[in-house]
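Atoms considered below: every heavy atom in the structure, side chains included; atoms not considered: hydrogens, waters and symmetry mates.
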Amino acid sequence: MNDRRAGAAGSGWADGGARPVRTGADITATTAVRYALVPAPRLSLDTVARLSGLHPDLIHRFVALGLVDAERDAEGHLVFDPTAPAVLARIQRLRTGLCLNYASIGLVLDLLDRISLLEAALRGRGTRSETPPWT
């Protein structure tokens with residue numbers, strides 16, 4: 001669901017892959033490139049399940065649906081970004097608050113991410129919208 005694509009876990013790069021991490025909004029033409037010196041921390045499935053309060057099977061389903069980004073480590077276990085519990089909490093809020101099914105949650109998450117990028121671009125240009133941000 002997210003625009004970021006990560007490589008193998010523990011490979012030494014901030015995004016887990018063998019490429020530089022782009023900083024800044026993808027909308028702008030100029031982006032800075034930085035290289036991570038320390039591997040990004042990863043969370044195991046059990047840790048994410050404990051922190052989010054969800055069953056591991058439900059998290060597996062979210063990964064299969066593409067709602068949460070996960071990778072496989074060297075042993076084949078799922079590993080997650082440290083932001084995964086927050087993403088799972090957002091999914092649960094959409095599910096319970098708006099009574100959305102999981103397919104529509106994916107669409108809503110994509111739209112909310114796009115709105116955030118557009119608002120960040122507006123703030124970067126000095127233009128502000130009069131309404132508060134959606135998230």
Side-chain angles (χ1 to χ4, degrees):
M1 299 291 358
N2 296 328
D3 290 335
R4 61 189 177 277
R5 300 285 181 240
S11 61
W13 301 97
D15 69 346
R19 60 186 171 86
V21 177
R22 294 192 179 270
T23 59
D26 291 332
I27 294 174
T28 62
T30 60
T31 57
V33 177
R34 63 182 165 87
Y35 295 92
L37 299 176
V38 178
R42 299 290 182 186
L43 301 176
S44 68
L45 177 63
D46 293 333
T47 304
V48 171
R50 183 178 40 82
L51 291 173
S52 64
L54 299 175
H55 195 275
D57 290 340
L58 183 58
I59 297 173
H60 270 286
R61 182 175 299 169
F62 289 160
V63 171
L65 290 171
L67 298 177
V68 179
D69 292 333
E71 301 169 0
R72 299 268 178 193
D73 62 3
E75 292 88 28
H77 301 286
L78 286 176
V79 290
F80 298 86
D81 287 337
T83 60
V87 173
L88 290 168
R90 190 178 203 190
I91 291 170
Q92 288 303 104
R93 283 193 308 271
L94 289 171
R95 174 87 169 145
T96 58
L98 298 176
C99 298
L100 298 174
N101 62 18
Y102 293 128
S104 60
I105 287 175
L107 176 64
V108 170
L109 288 174
D110 285 343
L111 291 173
L112 289 173
D113 288 342
R114 182 69 177 158
I115 289 169
S116 295
L117 287 173
L118 292 172
E119 286 179 343
L122 286 175
R123 280 191 298 272
R125 291 190 336 204
T127 308
R128 292 186 53 192
S129 62
E130 296 178 11
T131 58
W134 287 88
T135 55

Novice: Run the ring pair (Phe, Tyr, Trp, His ring centres under 6.0 Å) test against F80 and tell me which residues pass, sequence neighbours left out.
Specialist: none

Novice: So, do T47 and R50 sit near enough that their side-chain heavy atoms are less than 4.5 Å apart?
Specialist: yes

Novice: Roughly how far, to the nearest 0.5 Å, is CD1 of I105 from CD of Q92?
Specialist: 7.5 Å

Novice: Working to the nearest 0.5 Å, report the span between CG of L43 and CG of L51.
Specialist: 6.5 Å

Novice: Distance check, rounded to the nearest 0.5 Å: L67 atom CG versus D110 atom CG?
Specialist: 9.0 Å

Novice: What pairs meet the ring pair (Phe, Tyr, Trp, His ring centres under 6.0 Å) rule with one or both residues in residues 84-109, with sequence neighbours excluded?
Specialist: F62-Y102

Novice: Please walk me through it: do L109 and R90 pass side chain to side chain contact (heavy atoms under 4.5 Å, CB included)?
Specialist: CA-CA 9 Å; L109 288 174; R90 190 178 203 190; 3.7 Å; yes

Novice: Please test L78 against R72 for side chain to side chain contact (heavy atoms under 4.5 Å, CB included), starting from the C-alpha separation and ending with a verdict.
Specialist: CA-CA 5 Å; L78 286 176; R72 299 268 178 193; 3.7 Å; yes

Novice: Output the distance between atom CG (L107) and atom CG (L112), rounded to the nearest 0.5 Å.
Specialist: 9.5 Å

Novice: So which heavy atom on I59 is nearest to which on A49, and how close?
Specialist: CD1-CA, 3.5 Å

Novice: For N101, give me all partners under side-chain contact (heavy atoms from CB on, under 4.5 Å), at least two apart in sequence or on another chain.
Specialist: R95, A103, S104

Novice: Could you walk me through whether R42 and D73 pass the side chain to side chain contact (heavy atoms under 4.5 Å, CB included) test, one step at a time?
Specialist: CA-CA 10 Å; R42 299 290 182 186; D73 62 3; over 6 Å; no

Novice: Supply the atom-to-atom distance S116 OG to L111 CG, rounded to the nearest 0.5 angstrom.
Specialist: 11.0 Å

